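Take a look at the structure below.
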Amino acid sequence: QVSVLHKFKGILFSTMSSEELLHALDSFDVREDDVFLVSYPKSGTHWIAEVIESIPNARISLTSPIELGDVSKLEELKTYSERRVIPTHLSYDLLPVNIKQKQCKIIYIIRNPKDTAVSLFHYYRENPNLPYIETWAAFFELFLQGEGEYSDGLVLKFLKLFFFFFFLLFAQDFSKSLKKITTFLGINVNDSEVNKIAQKTSFSEMKNNSIKENYDLSHTICALTSDRNLVFRKGVVGDWINYFTSKQKSVFDELFTRK
Ligand code: A3P
């Protein structure tokens with residue numbers, strides 16, 4: 001099998017992120033009004049990106065992930081004139097230093113790690129940019145070791161720092177969560193706009209649209225694929241229960257508590 005991953009500073013990346021680009025990230029020209037959409041893969045990145053893009057009069061442009069592509073990415077990002085919303089799966093330590101210096105807004109997406117694991121397992125099986133994994137049991141071990149694409153510890157570094165987008169809370173009370181985001185970004189929305197956004201960004205609507213959409217690289221949000229058909233699998237809270245054995249659950253919970 002052709003290697004689809006490479007290591008940079010001890011972290012596994014898809015070969016779609018060039019080493020040269022990863023090296024150059026610290027020279028990225030950060031703007032003070034940039035918003036970074038940071039997440040561990042499969043936490044709901046496409047969902048919140050669609051939510052933000054659907055806010056009327058937000059005057060923002062969603063870019064592709066900062067770590068996706070080759071070093072020309074940094075030039076490409078300069079061409080945006082509107083406020084940029086930049087998705088990334090980079091760990092805290094690898095984020096361009098200027099983001100922290102300029103105190104840019106960061107939205108960090110959090111999902112139950114058990115659901116994230118199940119979602120990522122399917123992604124490993126279906127995404128040609130990731131190694132193929134035979135069984136859930138094998139993937140579970142990989143995930144626990146933090147040896148898969150992107151290491152763990154990502155969440156811990158971000159804690160206390162930024163605005164958090166909780167997959168669960170969005171699933172439970174969309175309007176309330178949306179209003180928190182728009183307040184954070186300094187944008188006004190009224191109730192009828194909230195309802196429209198809720199409709200447009202529902203799982204079924206987004207899944208249907210992804211089937212209709214043609215391959216459009218400018219719409220890439222995940223550094224691991226530009227194929228949106230791979231993204232909308234089930235879109236529920238708690239699917240982990242269908243995969244974790246009770247032994248796996250206790251091993252996982254023990255590790256989670258320890259970390
Ligand atoms: P599942 O594999 O559990 O279905 P990311 O965008 O970070 O790659 O995350 C993908 C996960 O978010 C997938 O989880 C996907 O189905 C879910 N998702 C995407 N859009 C969603 C939406 N509008 N509502 C609920 N879940 C959504």
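Just so you know, ligand 1 is whichever comes first in the structure, and atom 1 is the first atom listed for that ligand. All figures in this text were calculated on a predicted structure; none of them were measured in a lab. Note: hydrogens, waters and symmetry copies are ignored here, and every other heavy atom, side chains too, is used.
The OG atom of S14 sits 10.5 Å away from the NE2 atom of H89 when rounded to the nearest 0.5 Å.
For D115, the side chain to side chain donor-acceptor pair (under 3.5 Å) criterion is met by no residue, not counting sequence neighbours. Scored by the side-chain contact (heavy atoms from CB on, under 4.5 Å) test, P113 finds F252, F256 as partners (sequence neighbours excluded). Not a single ring pair (Phe, Tyr, Trp, His ring centres under 6.0 Å) links F36 to another residue, sequence neighbours left out.
The pair D191-K179 meets the salt-bridge criterion, with a side-chain N (NZ, NE, NH1 or NH2) lying under 4.0 Å from an Asp/Glu carboxylate O.
Closer than 4.0 angstrom to ligand 1 lie heavy atoms from K42, S43, G44, T45, H46, W47, R111, S119, F167, T201, S202, F203, M206, V231, F232, R233, K234, G235.
Classification of the W47-F174 ring pair by plane angle, with boundaries at 30° and 60°, yields parallel.
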